[in-house]
Number of protein chains: 2
Amino acid sequence: MPQPRTSDPQRPTRGRRARKVSGDERERAILATLERLLEERSLHEISIDDLARGAGISRPTFYFYFASKEAVLLSLFERMLGEAQATRGDTLNRLAEDPAARLREALGAFFEAFRSRRAVTLAGADAQASSAEVREVWGHVMEAWVAEAAAAIEAERARGAAPPGVAARDLAISLLSMNERVFHTTFARQQPSIAEDDVLDTIVSVWLHAIYGTATPPAAGA
Amino acid sequence: MPQPRTSDPQRPTRGRRARKVSGDERERAILATLERLLEERSLHEISIDDLARGAGISRPTFYFYFASKEAVLLSLFERMLGEAQATRGDTLNRLAEDPAARLREALGAFFEAFRSRRAVTLAGADAQASSAEVREVWGHVMEAWVAEAAAAIEAERARGAAPPGVAARDLAISLLSMNERVFHTTFARQQPSIAEDDVLDTIVSVWLHAIYGTATPPAAGA
DNA sequence: GAGTGTATCAACACAGTGTCGACTGGCTCA
DNA sequence: TGAGCCAGTCGACACTGTGTTGATACACTC
């Protein structure tokens, strides 16, 4: 049985010129095909045969590259989450500089990262229902964001800018859960949902009130 | 082709004594079987054959009662949502009496309604990914809650208990979305999630701060 | 020029879905 | 009382999608 290749990038690419069509190109073709098809229909309306044909290979050959279509989605999803991480930076750690502005910046970066890959975001969220693996990846990413947000909340409480209240971690989970679900319904254009242009204003307001009790918390210099 | 029966209760039950096993009993047996199996595994790990066997009938006979397993879930889901509506009452309309207490009451009723039917709640939420029909039912229910919550927020702003802010409807959507997702991760015992005992305290606190800017808003009499 | 690893696919086995057509057995009304 | 109706039932089939097997090709290595 051929081992499905992991997307491990340091696989040794053997000497000089690659074959007409290399394995990496095929892998990328499969990923691109899924991303394209997800713009039109949901993962469970896409068959492995669709992906294989889209990448110009047969169904058994598909299995040489990925173990399942969920695995393809997972790869796409992980890439996107990596990008989301990268663009966001450490904005939350510098909350004290100007809470309202920094928070808007951080939440805006998330929003933008997900918005720019709408189809993958939605499919990834939906796939959590059916794939324990997707659930686990998402759980790890969320865990990191929760820890970061909780630390930021505690720091703001410590410097007296935010009043004490419910456990910082629980608050962070609540607010991030809100983001997650609000983004999802907005991107899916479900009813009821918030208009794309109003999402950021609304969630920033909730974050500020939930953490500081006011929409205009004090900056560190003030 | 036999018409799949709706769960329409006023179907005429013909004269005197019912047959050994009536159609209604079968229908109830299918619903009960799904609810039982959902405690152990997810909808897409349950086949129509499982449901049929569980109800003591063959697979083709299943189709006499329901058009698909999603339809069975939908029936279960709608019943549960109906109960959630019923137990909650009009608490949100009486927010002014004592905002913190009434809000806790209203959110507590929701939490309890969903908690008591954990398996159906989780399966219903998951099925939104794959079934437009489930999505639509959930959308309608949410829409009603959003309208009610938005009206309550506007009333509190009108009486001066809550400060003005982002659109009441958008705020209502955000807060209800938070509930939805927080409940889901808690019931599914995903990581990260809020402990079952802390959920109510946490979300009530966010609602109060987001609407009133404080955890101790004034009652109407005060 | 034999051997190894990558890449490929036709053909198969299988699981689940949905449908068709035939059958049963109680009930109604002529 | 017996012809006809109808809710209810299921064996058998066709179809779709999944995952595996085994054989093959090709490039590059030693």
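Note: hydrogens, waters and symmetry copies are ignored here, and every other heavy atom, side chains too, is used. A note on names: the letters A, B, ... follow the listed sequences, proteins ahead of strands, and every chain is numbered from 1. Please read all numbers here as calculations on a predicted model, not as lab measurements.
- Rounding to whole angstrom units, CG of residue A:Asp49 and P of C:dA10 are separated by 11 Å.
- Take A:Asp90 and apply the salt bridge (charged side-chain N to carboxylate O under 4.0 Å, His left out) test, not counting sequence neighbours, and it matches A:Arg94.
- Whole-Å rounding puts the A:Ile48 CD1 to C:dC9 P distance at 15 Å.
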Name each donor-acceptor pair under 3.5 Å that joins a side chain in residues 99-107 of chain B to protein atoms two or more places apart or in another chain, with its distance.
| from | atom 1 | to | atom 2 | distance (Å) |
| --- | --- | --- | --- | --- |
| B:Arg102 | NE | B:Glu105 | OE1 | 3.1 |
| B:Arg102 | NH1 | B:Glu97 | OE1 | 2.5 |
| B:Arg102 | NH2 | B:Glu105 | OE1 | 3.2 |
| B:Arg104 | NH1 | B:Asp201 | OD1 | 2.9 |
| B:Arg104 | NH2 | B:Asp201 | OD1 | 3.0 |

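- For DNA chain C, no neighbouring residue in residues 123-132 of chain B is found when judged by any heavy atom under 4.0 Å.
- With sequence neighbours excluded, no residue satisfies salt bridge (charged side-chain N to carboxylate O under 4.0 Å, His left out) with B:Glu45.
- Contact annotation: the side chain of A:Phe183 approaches that of A:Ile203 to within less than 4.5 Å [non-hydrogen atoms, C-beta and beyond].
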Extract all donor-acceptor atom pairs below 3.5 Å that involve side chains of residues 192-200 of chain A and protein atoms in other chains or at least two apart in sequence.
| from | atom 1 | to | atom 2 | distance (Å) |
| --- | --- | --- | --- | --- |
| A:Ser193 | OG | A:Gln190 | O | 2.8 |
| A:Glu196 | OE2 | A:Arg115 | NH1 | 3.3 |

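- Judged as a salt bridge (charged side-chain N to carboxylate O under 4.0 Å, His left out), the pairs with a partner in residues 50-71 of chain B (not counting sequence neighbours) are, in order, B:Arg41-B:Asp50, B:Asp49-B:Arg53.
- Nucleotide C:dA7 holds its P atom 11 Å from the CD atom of A:Glu25, rounded to whole Å.
- Under the rule for a salt bridge (charged side-chain N to carboxylate O under 4.0 Å, His left out), A:Glu136 has no partner lying at least two apart in sequence or in another chain.
- A straight line from OH of A:Tyr63 to C1' of C:dA10 spans 15 Å, rounded to a whole angstrom.
- Among residues two or more places apart in sequence or in another chain, the ring pair (Phe, Tyr, Trp, His ring centres under 6.0 Å) test is passed with A:Phe62 by none.
- Listed in residue order, the members of residues 31-38 of chain B having a heavy atom less than 4.0 Å from DNA chain D come to none.
- The interatomic distance linking A:Asp24 (CG) with C:dA7 (C1') rounds to 13 Å, in whole Å.
- Look at CD on A:Glu27: it is 10 Å from P on C:dA7, rounded to the nearest Å.
- Checking C:dT17, D:dG8, D:dT18 against the side-chain heavy atoms of B:Ser47 singles out C:dT17 as nearest.
- For residues 181-190 of chain A, the salt bridge (charged side-chain N to carboxylate O under 4.0 Å, His left out) pairs, not counting sequence neighbours, are A:Arg181-B:Glu180.
- Regarding B:Phe62, its CZ atom lies at a distance of 14 Å from the P atom of C:dG16, rounded to whole Å.
- Phosphate contact (OP1/OP2 of D:dG17, side-chain N/O of A:Lys69, threshold under 4.0 Å): absent.
- Whole-Å rounding puts the B:His44 NE2 to D:dT18 C1' distance at 13 Å.
- For the segment residues 50-61 of chain A, the set of residues with a heavy atom within less than 4.0 Å of an atom of DNA chain D comprises A:Arg59, A:Pro60, in numerical order.
- For B:Glu143, the salt bridge (charged side-chain N to carboxylate O under 4.0 Å, His left out) partners are B:Arg169, not counting sequence neighbours.
- Donor-acceptor pairing under 3.5 Å is lacking for the side chains of A:Ser177 and A:Ser174.
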